[in-house]
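Below, each value reflects all heavy atoms present in this structure, side chains not excepted, and no hydrogens, waters or symmetry copies. Each chain gets a letter, A, B and so on, in the order the sequences are listed, and its residues count up from 1.
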2 protein chains.
Amino acid sequence: MMKATKRKKLESNGWKVGSVEDFLELSSEEVAYIEMKHALSNSLRERRTKGKLSQVEAAKIFKTSQSRVAKMEAGDPSVSIDLLVKSLLALGASPKELAKAIS
Amino acid sequence: MMKATKRKKLESNGWKVGSVEDFLELSSEEVAYIEMKHALSNSLRERRTKGKLSQVEAAKIFKTSQSRVAKMEAGDPSVSIDLLVKSLLALGASPKELAKAIS
DNA sequence: GTAGATTATGTCATATTCGACATATAAACA
DNA sequence: TGTTTATATGTCGAATATGACATAATCTAC
């Protein structure tokens with residue numbers, strides 16, 4: 001947390017000071033959603049690399065393309081939570097593990 | 001679990017005997033996915049009713065229509081996990097609560 | 001009963017997500 | 001160095017999810 005004194009100083013110099021979500025004008029729900037997606041993305045990459053799989057190999061398992069796997073792991077906006085969940089399940093993750101990842 | 005004797009009898013009569021997922025030809029991943037969706041659907045209805053909200057009122061909060069809310073709670077195939085998650089977050093659920101719901 | 005509120009179901013045009021492809025960038029290693 | 005393997009990025013037509021609407025079914029008081 002930023003100190004109140006520093007905050008005041010910055011604000012007096014014309015800066016708007018706030019959290020990252022304020023800056024990007026995201027509501028806390030949007031932040032939570034994005035963070036959940038990132039948690040799943042990271043989980044996916046972890047599982048894949050721990051299984052010594054390349055993105056090409058993982059793509060075969062998921063019946064998709066390497067580029068989409070890359071986007072999944074990058075948390076690309078074009079990737080849905082559904083796709084991340086399905087992919088994680090396909091790598092053998094259990095719902096409990098998914099729950100752990102997002103909490 | 002079905003008894004082996006009964007299984008044999010049924011199979012000898014031309015029946016394929018197995019679990020529900022076998023019957024519907026669903027893989028365990030597909031089952032897990034559907035179960036996760038249902039858990040979120042149920043969670044959503046619980047939260048909405050506990051908050052004394054009608055589907056119409058919830059729809060306003062979600063910026064969608066009553067019919068889509070009904071489909072969300074029914075676990076309709078046309079509803080994504082993304083939409084369920086976003087709606088739950090809009091009702092004030094935390095990622096931890098979502099995690100609890102699916103595990 | 002029946003009137004009003006609530007929830008469910010079917011459909012559709014639009015929006016978003018999808019797999020795929022091309023190509024760029026990066027990492028590993030001789 | 002150059003070659004190979006892995007990952008990232010941009011784009012596109014096809015597939016899927018979306019909000020909205022109409023209408024049906026179900027509840028809830030009176």
Nucleotide-resolved protein contact map, nucleotides 8-22 of chain C, B/S/- at heavy-atom distance under 4.0 Å: BBBB-----SBBBB-
Under 4.0 Å protein heavy-atom contacts per nucleotide of nucleotides 25-30 of chain C, with B for base, S for backbone only and - for none: ------
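For the pair A39(B) and I102(B), the tightest heavy-atom approach, listed with the atom from each and the gap, is CB-CA, 4.2 Å. The nearest pair of heavy atoms linking K71(A) to S78(A) is CD-OG, 4.5 Å.
Following rounding to the nearest Å, L53(B) (CG) and dT7(C) (C1') show an atom-to-atom distance of 14 Å. The distance between atom CD1 of I61(B) and atom C1' of dG19(D), rounded to the nearest whole Å, is 17 Å. Rounding to whole angstrom units, NZ of residue K52(B) and C1' of dT6(C) are separated by 15 Å.
When each of L98(B), L89(B), L40(B) is tested with L84(B) by the rule side chain to side chain contact (heavy atoms under 4.5 Å, CB included), just one qualifies, namely L40(B).
Partners of S65(A) by side chain to side chain contact (heavy atoms under 4.5 Å, CB included), not counting sequence neighbours, listed by chain and number: S67(A), R68(A).
Looking at R47(B), its side chain does come within 3.5 Å of a backbone N or O of L91(B) through a donor-acceptor pair. Without hydrogens or angle criteria, R48(B) side chain to L53(B) main chain gives a donor-acceptor distance under 3.5 Å. A donor-acceptor pair is defined here as one N or O able to donate and one able to accept, closer than 3.5 Å; no such pair exists between the side chain of E73(A) and the backbone of A70(A).
When the C1' atoms of four end pairs are superposed on the next four at each end of the helix from dG1(C)-dC30(D) to dA30(C)-dT1(D), using five pairs per end, the two resulting axes differ in direction by 50°, to 10°.
Evaluation of the side-chain hydrogen bond (donor to acceptor under 3.5 Å, both in side chains) test over residues 86-96 of chain B, restricted to residues two or more places apart or in two chains, returns S94(B)-E97(B). Pairs of residues two or more places apart, or lying in two chains, that qualify as side-chain hydrogen bond (donor to acceptor under 3.5 Å, both in side chains) and include a residue from residues 32-44 of chain B are D82(A)-Y33(B).
Here the CZ-OG1 distance, from R45(A) to T49(A), works out to 8.0 Å after rounding to the nearest 0.5 Å.
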